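Worksheet for the structure shown next.
Only a predicted model underlies this, so the values are computations on that prediction, with no experimental measurement involved.
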Amino acid sequence: MSTIVHLPVTTSPWFPVSPCMPSECMDQPSAVAGPLRRAARVLGALVIVVSGIPLAFVARMCSTATRKRFTMMWSRMLIRALGIKIEALRGFAFVGGSLEARAVPEGEGGTLLVGNHISWLDPIVIAAITPCRLLAKSEIAGWPVIGALATGGGALFIDRNRLSALPQAIDAVAVALREGDTVVAFPEGTTWCGREMGTFRPAVFQAAIDAGVPVRPMALRFRQGEELSTGPSYVGDDSLIASIMRVVAIKGLVVEVTFFPGVQVPRGGDPRRARRTLARIAEAQVRAGVVETHPQAVAA
């Protein structure tokens, strides 16, 4: 088993850098798909991506609920074409050590869904099983094909090159949450290989506080059989093409998504303390899901 090498990198809160690198973190799959299966997966994925472009333009003219249904359908088709199985699990957690935060039951209304970030697959996996809107970096909006798909699916964008734009992005997320949307964010700000994870930045949690909605942590793990698989990760100087080719080559790839109970803090207190509290609790729950296996599958 390969190990993570912690490199002496310079980081900033706005542009966090993970120590994961492809040469150090990628493990070899225990079983690989044959060349015909790989070719079929690549071809199927290309067809679905291209067919999603007109669907994205149609979705722009539809209601938010319709756009989320379109996104879910398209994401499911792409995940299936890539030969990936999704297992949704229900995690259990005890919120202790904080007088400010409390666990809340699952219910209707907006939710900020936060999790660890491993791969370009992560938002597609979540969109395939949960009607949601994704919070993505603004550069994605300008990408060919992918930008049109993200915009058509109702994604919210954050410009990481302009710190002054952060309040506006948080306000946009808060508006979506008040309207009853589930917004998906990855507060680490970068990807890790899946064996470990980074620190949750607290900024996005302010949107949940402003909107008065709960934060629901989720943990993502890729595995082959019962063993952790780092092949789908997209880290360091990896290229998207190389990552895609690793994914289509893995036989029996499964992604686990463990959903934990929601957490909420009352409005009116110190906002800095409140968002740090939410970030700390959410990170702890997700970290437990990353290193532990939860056997109670509730959906597939």
Side-chain angles (χ1 to χ4, degrees), residues 13 16 88-118 122-123 125-127 129-135 156 158 166 169-189 192 196-221 256-299:
L89 314 176
R90 189 178 301 279
F92 300 91
F94 173 74
V95 180
S98 173
L99 298 178
E100 299 92 351
R102 60 184 178 87
V104 295
E106 187 175 352
E108 300 293 331
T111 303
L112 181 63
L113 196 57
V114 297
N116 58 308
H117 203 4
I118 300 172
D122 299 345
V125 167
I126 302 306
I129 58 177
T130 303
C132 62
R133 300 178 67 180
L134 304 172
L135 179 62
L156 301 163
I158 182 169
L166 179 60
I170 299 303
D171 288 344
V173 174
V175 169
L177 293 172
R178 289 191 191 99
E179 293 175 348
D181 292 332
T182 293
V183 179
V184 177
F186 300 98
E188 292 164 291
W192 290 63
E196 287 291 342
M197 57 177 283
T199 301
F200 278 8
R201 269 60 184 180
V204 73
F205 293 89
Q206 186 63 49
I209 297 170
D210 293 343
V213 303
V215 172
R216 192 175 186 193
M218 62 180 178
L220 286 86
R221 294 177 73 247
E256 295 178 357
V257 186
T258 303
F259 293 97
F260 292 92
V263 182
Q264 195 166 5
V265 295
R267 301 175 68 177
D270 181 356
R272 179 177 298 182
R273 180 175 180 178
R275 59 179 178 260
R276 286 179 176 175
T277 296
L278 284 175
R280 174 177 54 81
I281 293 174
E283 180 188 329
Q285 293 187 6
V286 173
R287 195 175 295 276
V290 168
V291 300
E292 297 176 3
T293 301
H294 300 275
Q296 290 190 274
V298 297

Q | side-chain contact (heavy atoms from CB on, under 4.5 Å) between V257 and I126, worked out | A | CA-CA 8 Å; V257 186; I126 302 306; 3.8 Å; yes
Determine whether a donor-acceptor pair (N or O, by modelled atom type, separation under 3.5 Å) exists between the side chain of [X] and the backbone of [Y].
X	Y	result
E283	F200	yes
R275	Q206	no
R216	F260	yes
N116	L220	yes
E188	G198	yes
D181	V183	no
Q264	G212	yes

Nearest non-hydrogen partners of [X] and [Y], listed with the distance:
X	Y	answer
G110	V213	O-CB, 3.3 Å
I209	P271	CD1-O, 4.3 Å
A203	I170	O-CD1, 3.6 Å
P187	G115	CD-O, 3.6 Å
G289	R221	O-CD, 3.1 Å
A127	C132	CA-SG, 3.9 Å

[atom2] on [Y] to [atom1] on [X], rounded to 0.5 Å:
X	Y	atom1	atom2	value
L156	L134	CG	CG	8.5 Å
I281	R276	CD1	CZ	14.5 Å
T182	L177	OG1	CG	8.0 Å

Q.
Does T277 form a side-chain contact (heavy atoms from CB on, under 4.5 Å) with F205? I'd like the steps, not just the answer.
A. CA-CA 9 Å; T277 296; F205 293 89; over 6 Å; no
Q: Please say which of L112, V114, V184, V204 ends up in a side chain to side chain contact (heavy atoms under 4.5 Å, CB included) with L135.
A: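 Of the listed options, the one satisfying the test is V204.
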Q: Dump the intermediate steps for side-chain contact (heavy atoms from CB on, under 4.5 Å) on F186 and M218, then the final yes or no.
A: CA-CA 10 Å; F186 300 98; M218 62 180 178; 4.0 Å; yes
Q: Side-chain contact test, heavy atoms from C-beta onward, threshold under 4.5 Å: evaluate it for L113 versus F259 and give yes or no.
A: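 A side-chain contact under 4.5 Å exists here.
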Q.
Run V175 and R178 through side-chain contact (heavy atoms from CB on, under 4.5 Å) and show every step you take.
A. CA-CA 5 Å; V175 169; R178 289 191 191 99; 4.1 Å; yes
